[in-house]
Amino acid sequence: MNSQEKVSIRVDGTVLEVRSGTQLAAALMGEGIVAFRSSPCGDKRGVLCAMGSCYECRAMVDGHRLVRTCLVTVQDGMEITTERPLEKKLLPTVETTDIVEDETGVVVIGSGPAGLSAACVAAELGQDVLLIDESARPGGRIWAHRGQMPAVVRYWIDKADRAGVRRLQGATVIDGEVGWLEAASVISGARTRVRCQKIIVATGARERFLPFPGWTLPGVVGAGALQSLIKGGLDVKGKRYVIAGTGPLLLAVAAIAVSEGAEVILAEQASLLQRVPLAFSLLASPERMREVWQLWKTLRGVEKISSCWPVKAQGNQRVEKVYLKIGNVTRVEEVDGLAVGYGLIPETRVAQGLGCVLEKDGRVKVDRYQRTSVEGVLCAGEPTGIAGSEAALASGQIAGTVAAAGTPSFQLMQKLRRHRGWGIALERTHSLRPDLIRSVVEDVIVCRCEDVVSSSIRGVRSLRQARIQHRIGMGPCQGRVCMPILALGDTLEHDSVRPPWSTCPSPRTELSSTDGH
Amino acid sequence: MSTLRIIVVGGGIVGAACARSLVRRGGQVEIIEAGDGPGLHGATAAGMGHIVVNDAEPAGLQLCLLGRKLWREDAPPMNPDDGFIESGTLWMAEDQHGLDNLSRAADRLATAGVTAHLLEGAALFDAEPALSRDLIGGLQLPQDGVLYAPAAAAALVAESRRLGATIRCRTRVTSVEENRVVFAHGESMVADAIVIASGLDALELCPGSENCIPIHPREGHLAITTRGTCIISHHVVEAGYQKGAQGEEDEAVACAVLPRSTDQLCIGSSRRPRRAGGLDSDLMERIIHRAERFIPGIAGLPIIRKWTGTRAASADGRPLIGLLPGSSSLWVAAGFEGLGITQAPAAAELIAASIFDEEPVIDPTPWDPGRN
């Protein structure tokens with residue numbers, strides 16, 4: 001792929017020349033388009049998560065509604081329009097696209113470290129494997145890349161290809177059970193129905209967000225989102241960003257932003273003291289020491305503030321100012337963008353849809369062989385607990401082995417234990433401060449799809465009640481952004497998942513909205 | 001007369017409506033709800049929320065008319081988006097036979113004093129431009145409408161509480177005896193009157209219910225589209241819908257599409273004699289195809305959520321409203337099938353009239369739980 005090559009796309013009638021291979025959301029933002037849609041109350045909204053969870057970047061692409069532009073690569077001649085309400089008129093009936101039928105032994109859902117390694121191992125042990133992934137390219141979020149593929153990703157993809165793993169990229173699993181799954185193209189909605197014996201769920205994690213006044217302004221994105229956008233081709237040279245929230249991800253995001261020429265202020269909610277134990281555990285791993293040292297060198301000139309978080313964002317149509325709380329002082333920063341994320345949470349919707357039991361803390365419950373409560377369904381990587389890519393690779397290999405009726409090696413099990421231990425330690429040192437959780441103020445929008453304000457849901461006793469009585473989580477994201485916020489304060493029962501597990505375009509083109517009759 | 005102590009079992013739309021009618025008459029009312037709050041379960045939470053006057057049988061028509069009138073004139077205070085919106089129902093005919101049926105229905109409705117317009121040819125498409133051009137006519141009931149039932153149930157309970165009623169949530173009733181309800185945790189509570197409005201399991205709770213018309217589960221499938229896709233303004237229903245409704249054994253699929261105030265479409269419907277379970281994707285597909293036959297292009301609209309729900313259907317198609325046979329303190333209001341939202345306030349008035357020995361507004365005998 002030559003990233004200097006240009007393609008032309010048309011956005012609400014205007015032709016734009018953008019770099020080939022760019023993620024559509026990043027391409028639009030690069031052209032100064034930060035607002036992608038209007039919310040029910042008329043606010044402008046832009047990209048939040050940039051990883052297919054929040055649906056804030058949705059637009060109509062080539063006549064299809066509800067296309068998540070963060071999951072799509074620009075194509076020459078692509079037609080993008082802001083979603084507009086339909087008129088009350090006759091729509092033409094369009095031909096149904098046939099459902100593609102497929103059959104395989106094992107379906108692996110998600111092609112991050114866990115999914116790729118699971119698929120490889122299962123295929124090497126003789127299974128027919130189909131890997132289904134939402135993104136245009138394999139690697140998941142952590143291995144997303146720009147231009148040259150990193151060696152580790154190349155290694156696993158080559159290995160998968162050699163083992164005969166078939167890959168279905170750009171498709172999201174929307175329904176199914178043991179025996180069959182239905183996937184839909186994230187861009188055209190075209191359906192594929194796969195018969196299968198075993199399912200390995202490796203859907204990774206999503207970012208946790210906390211609401212504050214102004215967090216719905218275009219230009220306020222997740223921390224991981226900024227990373228994804230930069231990797232997707234967003235030019236940040238000379239731009240000023242506050243990168244805030246919590247966790248080791250912030251350092252990685254700041255590092256990529258800085259190396260791409262952005263000016264960065266780093267704000268971590270955890271205190272220095274809270275993170276001291278981490279420094280000690282680092283000493284035990286020279287490999288990790290080296291990684292951290294590299295990060296530290298890249299971030300030498302960056303201002304890093306601990307015990308600090310954004311309490312307000314302001315701006316006209318997009319974020320221009322960020323208010324940072326540092327102790328009792330509030331500091332105002334003029335910015336081009338704010339990237340804020342409060343760690344990762346397991347992405348369990350597909351597992352829940354399949355009927356897998358969750359632990360109280362929201363992880364998918366698995367045994368030591370990565371088997372879930374549902375016979376024939378395994379789960380690997382972050383859905384079983386946030387522990388990082390090394391743990392994901394190990395658990396993926398275990399799941400792949402077990403799915404192929406093999407027995408995972410003792411070394412592999414040891415490896416998983418070790419890496420998971422590290423992941424848990426990392427989580428603990430970045431746990432959210434009680435004063436930060438308490439600071440989630442009244443009268444701030446919690447559900448961005450439906451514009452539900454926090455004060456209206458005071459006293460709700462379950463997520464079901466929040467959903468049914470207050471329309472929380474009733475939009476296209478189905479609660480992926482807001483339900484974790486609600487669950488923070490109390491231990492509420494888990495939310496229900498109904499098909500489609502991910503909202504996606506209809507398999508039929510909406511011709512009438514572009515042909516103008 | 002001293003204050004009557006009344007327990008209402010069930011905080012769905014019917015129980016909530018009963019509570020309000022009873023507290024308004026001076027009853028000391030306590031609602032017992034198994035869920036976290038009113039209106040979160042059963043047909044109240046799963047249904048479409050149409051307020052529709054249905055003339056499938058003459059007695060039911062009276063109950064629908066009274067229910068609709070009460071929703072229009074006496075609804076509890078609600079957020080305007082959730083409250084009654086007069087969108088009208090449009091029954092559609094595919095062929096001359098269907099149109100003849102609608103024409104006869106129009107005559108019957110006219111006799112009963114109900115506003116209804118028979119629309120033929122172009123008039124149909126003026127009223128609803130999104131309809132397929134090969135339809136030959138329709139029957140419009142302009143005063144029908146839609147409301148969001150979970151919010152309506154909550155609003156009825158809120159109004160009842162302002163008048164002095166109480167609600168006890170997360171409390172499951174395991175059985176009901178004369179003047180007494182028994183809870184899952186072993187406790188029990190006495191009352192002068194008990195109204196059982198717990199839908200499908202209403203009769204299972206009651207002694208002597210073997211003398212009642214039985215209530216069976218009837219599953220339905222629904223889907224809802226994203227915002228910005230509301231291409232119709234009426235509740236669009238195919239004329240064969242009622243025929244499908246009566247089918248006991250087989251599953252029935254009929255077009256019933258409801259515009260929501262949120263600029264979304266609720267797409268139904270199906271009926272099968274069973275409790276709601278997992279989603280049947282093939283059945284859902286057939287529902288959407290059926291809807292597309294009447295509203296072309298509807299299958300091109302993205303769907304956010306699909307779900308199933310259980311209607312409580314009585315064996316003879318009429319709800320059970322009134323005193324249980326042989327009892328002096330147990331009333332039942334259940335078995336409304338798809339018309340519970342429409343008929344709830346009317347049923348509540350009948351129950352209240354019976355408990356307080358008033359002259360009922362309409363003749364209650366067709367709904368006597370002990371009828372043959």
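Hydrogens, waters and symmetry mates are skipped; everything else that's a heavy atom, side chains included, is used. So you know, we letter chains A, B, ... as the sequences are listed, proteins then strands, and number each from 1. In this text the structure is predicted, and so the values were computed from the model without any measurement.
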Checklist entry - How would you list, by chain and number, every residue that makes a side-chain hydrogen bond (donor to acceptor under 3.5 Å, both in side chains) with A:S188, sequence neighbours excluded? => result A:S185
Checklist outcome for this item: The side-chain hydrogen bond (donor to acceptor under 3.5 Å, both in side chains) partners of A:T348 (sequence neighbours excluded) come to A:Q352
Donor-acceptor pair, distance only, cut-off 3.5 Å: does the side chain of [X] make one with the backbone of [Y]?
X: A:R464; Y: B:L40; value: yes
X: B:S261; Y: B:D81; value: yes
X: B:T310; Y: B:P217; value: no
X: B:R272; Y: B:S270; value: no
X: A:R349; Y: A:W501; value: yes

With respect to chain B, which residue among [options] yields the maximal number of heavy-atom pairs within a distance under 4.5 Å?
options: A:E177, A:R471, A:M474; answer: A:R471
options: A:E182, A:H470, A:R467; answer: A:R467
options: A:G189, A:P85, A:P500; answer: A:P500

Checklist outcome for this item: Hits for ring pair (Phe, Tyr, Trp, His ring centres under 6.0 Å) against B:H234, two or more places apart or cross-chain, chain-then-number order -> none
Next on the checklist: Are there residues of residues 38-48 of chain A whose heavy atoms fall under 4.5 Å of chain B's heavy atoms? If so, which?
Outcome noted: A:P40
Next on the checklist: Under 4.5 Å from any heavy atom of chain B, what part of A:R58 do you find: side chain, backbone, both or neither?
Outcome noted: neither
Next on the checklist: Between A:S496 and chain B, with a heavy-atom cut-off of 4.5 Å, which part of the residue counts as in contact: side chain, backbone, both or neither?
Outcome noted: both
Next on the checklist: A cation-pi test, strictly: NZ or CZ of B:R133 under 6.0 Å from the centre of the six-membered ring of B:F125 and no more than 45 degrees from its axis. Yes or no?
Outcome noted: yes
Checklist entry - Under 4.0 Å between a Lys/Arg side-chain N and an Asp/Glu carboxylate O for A:E83 and A:R37? => result no
Of the listed residues ([options]), which shares the most heavy-atom pairs with chain A below a 4.5 Å separation?
options: B:S233, B:A45, B:S132; answer: B:S233
options: B:I304, B:I303, B:T225, B:L279; answer: B:I304
options: B:Q264, B:E128, B:H41, B:M284; answer: B:H41

So for [X], is it side chain, backbone, both, or neither that comes closer than 4.5 Å to the heavy atoms of chain A?
X: B:T262; value: side chain
X: B:I295; value: neither
X: B:C230; value: both

Checklist entry - CZ of B:R161: more than 12 outside heavy atoms within 6.0 angstrom? => result no
